[in-house]
There are 2 protein chains.
Amino acid sequence: MTIVRDATLHQRILGDIEARIVSGEWPPGHRIPFEVDLAADYNCSRMTANKVLTQLAKSGLIERRKKSGSFVAQPRAQSAVLAIAEIEAEVQSLRLAYSHVVHAREKRRANASDKQRLELSEAASVLDITCIHHAGPAPFCLEERLISLATVPEAEAETFAKISPGTWLLKQVPWSAAENRISAVSADASVAGLLDIEKGTACLVIERRTWSPAGPVTSVRLTYPGDRHALVAKFAPGGEG
Amino acid sequence: MTIVRDATLHQRILGDIEARIVSGEWPPGHRIPFEVDLAADYNCSRMTANKVLTQLAKSGLIERRKKSGSFVAQPRAQSAVLAIAEIEAEVQSLRLAYSHVVHAREKRRANASDKQRLELSEAASVLDITCIHHAGPAPFCLEERLISLATVPEAEAETFAKISPGTWLLKQVPWSAAENRISAVSADASVAGLLDIEKGTACLVIERRTWSPAGPVTSVRLTYPGDRHALVAKFAPGGEG
DNA sequence: CAGTGGTCTAGACCACAAG
DNA sequence: TTGTGGTCTAGACCACTGA
């Protein structure tokens with residue numbers, strides 16, 4: 001099977017149990033040895049056994065119930081990990097030259113639509129940016145972005161000519177929380193023109209809203225020509241591949 | 001800020017550090033107190049401090065370097081967690097009645113295309129199933145599935161009339177690994193007919209390949225009408241929302 | 001009420017890399 | 001060479017909950 005590298009003790013125990021669950025030897029509902037028994041089996045302290053079972057529970061492979069023990073869980077909805085890269089890195093990983101052009105840039109007081117997109121309660125200033133990302137000579141992605149100037153006032157002084165809005169924001173507001181919504185739409189005339197594709201072409205759309213502790217940061221809609229782009233998400237029972 | 005529930009010690013420490021990183025008080029590159037110092041600050045043992053920093057490192061918020069210490073990481077590509085539910089659960093969460101119809105079902109020796117889709121090296125038998133999932137009266141999703149009979153021979157005896165292939169496989173082969181590819185395509189005439197949509201409608205497509213330790217299990221292509229479906233993925237700096 | 005998981009301690013030894 | 005993280009131990013107490 002898998003090669004046993006010189007792993008740490010709890011990694012070895014973890015691997016053993018994972019293998020028995022994944023192979024079906026321990027089916028859903030099967031009771032796993034108690035912490036004290038595991039510790040005895042592997043001749044280790046209870047903390048080490050606990051570490052293993054805690055990790056298995058966190059990754060969803062087992063369920064723990066006080067007084068009853070730990071049981072192999074019923075597999076439910078798969079939650080895959082979706083890597084969403086920066087557009088520049090994405091283009092470069094294709095070995096193509098990256099560039100971007102700011103197509104429109106407007107500061108305004110938030111209108112009703114803006115407030116909804118950014119989940120703003122009061123009227124505030126926003127920056128609306130339309131930007132095309134290129135891979136080599138061809139358009140790669142259309143970016144339509146709204147930035148809350150209440151949260152990121154520094155954006156007003158930035159033209160985004162040399163640095164793309166996404167990259168700039170990552171430096172200004174690191175570690176913000178985000179929610180991504182992925183859907184498919186047909187390109188309308190405007191989008192088709194900007195991306196240099198046929199009107200009606202299926203496009204993959206990622207809408208992302210981003211918050212920092214200081215408030216809403218940005219709302220962005222990324223439109224990719226469908227035949228040129230795909231997202232990949234992986235799922236492994238143990239948590240990582 | 002956030003309400004401090006009666007949390008465990010390491011959760012409290014974890015929250016404190018996360019808050020300082022997320023708020024920008026500790027910018028990327030900033031050095032975090034050593035384990036021994038943290039332990040002294042919070043008047044706890046070193047293991048507790050270690051648990052906190054280990055978890056922060058695993059969630060990507062900090063980088064740990066021996067002899068140097070731990071540092072706030074540079075935020076890189078966001079990896080969002082994408083929940084991929086079972087179709088039946090998905091429909092029911094919309095408060096609609098679920099049903100499915102098997103449209104085609106064929107057993108054959110794997111041809112070149114089948115081998116590629118399932119990553120089979122030798123010729124083997126496969127089951128090819130086309131199935132429509134309904135939400136209420138309307139088609140919800142088109143499922144085109146290939147099952148490797150070498151890995152799951154029990155599938156040959158199953159008609160999938162009462163239980164959908166996905167649900168059945170989840171019971172047969174729990175905890176398999178999977179890779180999902182998400183893209184957008186225009187519905188061709190065949191797909192449009194099956195889903196009762198206009199030809200050319202943008203559709204969200206999820207292609208999933210699944211493995212168990214015993215070998216490749218299944219390859220499935222799920223096609224959703226784009227205007228009726230979207231995937232949601234969340235990202236939080238601490239790992240969970 | 002007894003047994004299980006949840007958490008924490010106060011040590012210890014080792015590997016490794018920076019100075 | 002020295003300090004840091006990585007790991008592990010052999011205990012301990014508590015809360016909860018199922019029998």
Side-chain angles (χ1 to χ4, degrees), chain A residues 2-18 20-21 26 28-74 238-240, chain B residues 2-18 20-21 26 28-74 238-240:
Chain A
T2 49
I3 298 169
V4 177
R5 308 173 277 189
D6 49 359
T8 64
L9 181 51
H10 62 265
Q11 281 174 343
R12 211 161 56 78
I13 305 175
L14 191 82
D16 286 358
I17 299 181
E18 270 183 11
R20 278 188 268 226
I21 295 177
W26 287 354
H30 182 273
R31 193 172 74 201
I32 280 180
F34 300 128
E35 291 186 355
V36 281
D37 296 338
L38 258 187
D41 290 351
Y42 284 92
N43 196 28
C44 66
S45 80
R46 199 193 129 203
M47 265 222 86
T48 305
N50 178 293
K51 198 170 187 171
V52 171
L53 296 191
T54 299
Q55 190 162 335
L56 281 170
K58 200 160 51 178
S59 70
L61 272 182
I62 70 171
E63 278 181 10
R64 312 202 71 183
R65 288 197 288 270
K66 287 182 185 178
K67 174 69 181 173
S68 308
S70 305
F71 301 83
V72 177
Q74 302 289 339
E240 44 184 310
Chain B
T2 50
I3 298 169
V4 177
R5 309 171 278 190
D6 50 359
T8 65
L9 182 50
H10 64 264
Q11 281 175 343
R12 212 162 53 81
I13 306 176
L14 191 82
D16 286 358
I17 299 181
E18 270 185 12
R20 278 189 267 228
I21 294 177
W26 287 354
H30 182 273
R31 192 172 74 202
I32 280 180
F34 300 126
E35 290 186 355
V36 281
D37 296 338
L38 259 187
D41 290 352
Y42 284 91
N43 197 29
C44 65
S45 81
R46 199 195 130 202
M47 266 221 85
T48 304
N50 177 295
K51 198 170 187 172
V52 171
L53 296 192
T54 299
Q55 189 163 335
L56 281 169
K58 199 161 51 177
S59 70
L61 272 181
I62 69 171
E63 279 179 10
R64 312 202 71 181
R65 286 197 289 272
K66 287 182 182 177
K67 173 70 180 171
S68 308
S70 305
F71 302 83
V72 178
Q74 301 289 338
E240 44 184 311

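Everything numeric in this text was worked out from a predicted model, so none of it was measured. As a basis for the values below, the full set of heavy atoms in this structure was taken, side chains included, without hydrogen atoms, waters or symmetry mates. Letters A, B, ... are given to chains in the order of the sequence lines, protein chains preceding strands, and every chain is numbered from 1.
Remark: A:Arg64 is in phosphate contact with C:dG6, judged by side-chain N or O atoms under 4.0 Å from OP1 or OP2. Contact check, B:Ser68 against D:dG5: no side-chain N or O comes under 4.0 Å of OP1 or OP2. Applying the 4.0 Å criterion to OP1 and OP2 of D:dG5, one finds that B:Ser70 has a side-chain N or O inside that range.
In plain terms, the two heavy atoms of B:Ala49 and B:Glu35 that are nearest each other are CB-O, 3.6 Å. When every heavy atom of A:Leu53 is checked against every heavy atom of A:Ile62, the shortest pair comes out as O-CD1, 3.6 Å. A:Ala73 and A:Glu63 get closest at one heavy-atom pair: CB-CG, 4.1 Å. Between A:Glu18 and A:Leu56, the closest heavy-atom pair is CG-CD2, 3.9 Å.
The side chain of A:Glu35 lies closest to C:dG6 when the candidates are C:dG6, D:dG6, D:dC8. Here the side chain of B:Lys67 is nearest to one of C:dT9, C:dC8, D:dG3, namely D:dG3. Listed nucleotides D:dC8, D:dG5, D:dA15 differ in distance to A:Lys66; the shortest reach to its side chain belongs to D:dA15. The side chain of A:Ser45 lies closest to D:dA10 when the candidates are C:dG6, D:dA10, D:dT7.
In this structure, the NZ atom of B:Lys51 is 14 Å from the P atom of D:dC8, given to the nearest Å. For the pair B:Asn50 CG and C:dG11 P, the interatomic distance rounds to 17 Å; values are reported in whole Å. The OH atom of A:Tyr42 sits 18 Å away from the P atom of D:dT7 (whole-angstrom rounding). With rounding to whole Å, B:Arg46 atom CZ is found 20 Å from C:dT7 atom P. Atom CD in A:Gln11 sits about 7 Å away from atom P in D:dT7, given to the nearest Å. With rounding to whole Å, A:Arg31 atom CZ is found 10 Å from D:dA19 atom P. Separating the CD1 atom of A:Ile32 from the C1' atom of C:dG5 is a distance of 13 Å, rounded to the nearest angstrom. Look at CZ on B:Arg65: it is 12 Å from P on C:dA17, rounded to the nearest Å.
Comparing A:Gly69 and A:Met47 along DNA chain C, the residue whose closest nucleotide (by nearest heavy atom) sits nearer the 5' end is A:Gly69.
The residue B:Leu53 sits apart from the nucleic acid: no heavy atom pair falls under 4.0 Å. Heavy atoms of A:Asp37 sit nowhere under 4.0 angstrom from any nucleic acid atom.
Using a 4.5 Å heavy-atom threshold, the side chains of A:Met47 and B:Met47 count as touching.
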